[in-house]
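What follows is one structure encoded as structure tokens, with my remarks underneath.
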There are 2 protein chains.
Amino acid sequence: MSEISRNGAGASGQPGRIGIGLELDAVHMKILEVLRENGRISVSALAERVGISRANAYTRFEALRADGAIKRFTAEIDHVRTGLGITALIFVTVRQQMWKQFRAELARMPEVEYCAITTGQHDAMIQVRMSDVAEVHAMVTDRLANIPAVKATETVFILDEVLRRPYVLPSDRDKARPVRRAAQEASGDVPLGKMRFVGAAEGRAALRKDG
Amino acid sequence: MSEISRNGAGASGQPGRIGIGLELDAVHMKILEVLRENGRISVSALAERVGISRANAYTRFEALRADGAIKRFTAEIDHVRTGLGITALIFVTVRQQMWKQFRAELARMPEVEYCAITTGQHDAMIQVRMSDVAEVHAMVTDRLANIPAVKATETVFILDEVLRRPYVLPSDRDKARPVRRAAQEASGDVPLGKMRFVGAAEGRAALRKDG
DNA sequence: GTTGAAATTAGTACGAA
DNA sequence: TTCGTACTAATTTCAAC
């Protein structure tokens, strides 16, 4: 039931701007880099890996937590082992003016792992974990369908989760190696034709107001 | 670059079946419940919260880790603070027989936080974090478009991440409260019409073989 | 922001229930 | 298996620099 930070694609605050609080320097970033890989590392070991003193590491660690740059520490669990081996994505079309109700209902659905409001054909995407396909069907038809705010849904199943990185950082960008296709790069010939961007549906501008 | 467990919606192993390793009992689940909320809790405090001895907690903690039920511990980071305030979902249509190449290219893209292979209109969904919208555009047109395995893409932006739960457990299901709509429940009248399930695209059956 | 010492806590080993 | 205790090693806190 954790409300997480708004991304605000254009609307709220400049992206890239570090919040009102702490100014994050290179050392802070390095700390985050270590912590996202190993959330249980001791602060002493962290200090060593980052190359700062223990006291400094404690100060920064606490500052990052207090500031909210680190939201929480969590254990990644193997859902297949715990009996929730089926994952589905449900794309939801929400009746305008009923966002508030939609969000309230979401809070009552603990089997929902993730929910994001998106541009494009649908309004929201929710990810659920279930023990079998029938349960997904029941969830969609019995629970979601009974929410007046839900106008329509479209469900797809996840066949394989190829990767999940423990939270991306800007420093990752530098590690990116562009695909080497000499001929294409030389001519600047990028096949734009096969790409498609989908903007927000009509009426979505009022999202924040009634959400 | 972490390969995560397969979900296998029907293909591999029964869902709900606890793997070859450890049999997870109620105490294991309770441990996971605590650990997903607070990944940095000490084993002593964990033992107390779960109601078992310290020694037992150590044994079970180690067993869960060794068994793979706990995959890793990680820090949840506020992406807005770290300068990656823009999140996008890119739905990718992959050329059949080129899954292996597609996966290889994904490994070289650190800005990709999540990738799942899905049923439905598209073949895969990837989630990326960027500092601005232009970077998403560059990523899609310059990097993804240059991968021969990518036939087409469709990009949507995430306007708001309403919730992210630190990994769902079966016990969460019991907390689910169905929507109370007396009239509808009495008559069993569920508006199935507004729901849609989308199966795998043609040729996706060979997914595992060339992936 | 750093170092080093004291106090506290974590992790291990082992015998008993 | 699980618990309780004792022992050892490590971490956190706090001080002075």
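Chain letters run A, B, ... following the sequence lines, proteins first, then strands; residues in each count from 1.
The pair B:Arg165-A:Glu113 does not meet the salt-bridge criterion, since no charged nitrogen lies less than 4.0 angstrom from a carboxylate oxygen. Ion pairing between a basic and an acidic side chain is recognised when a charged N comes within 4.0 Å of a carboxylate O; B:Glu111 and B:Arg143 show such pairing. A salt bridge links B:Arg36 with B:Asp172; the closest basic N to acidic carboxylate O contact falls under 4.0 Å. We find that B:Asp25 and B:Lys30 are not joined by a salt bridge, their nearest charged nitrogen and carboxylate oxygen being 4.0 Å or further apart.
Going from atom CD of A:Glu48 over to atom P of D:dT11 covers 9 Å, rounded to whole Å. Whole-Å rounding puts the A:Ile41 CD1 to D:dT12 P distance at 10 Å. Straight-line distance from the CZ atom of B:Phe61 to the C1' atom of D:dT2: 19 Å, rounded to whole Å. Spacing between atom CD1 of B:Ile52 and atom P of D:dT2 amounts to 8 Å, rounded to whole angstrom units.
There is no side-chain donor-acceptor pair under 3.5 Å between A:Thr87 and A:Gln127.
Aromatic ring pairs are classed by plane angle as parallel below 30°, tilted from 30° to 60° and perpendicular above 60°; the pair B:Phe197 and A:Phe157 is parallel.
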Checklist line | Heavy-atom protein contacts under 4.0 Å, nucleotides 10-17 of chain C, coded B base, S sugar-phosphate only, - none | finding: SBB-----
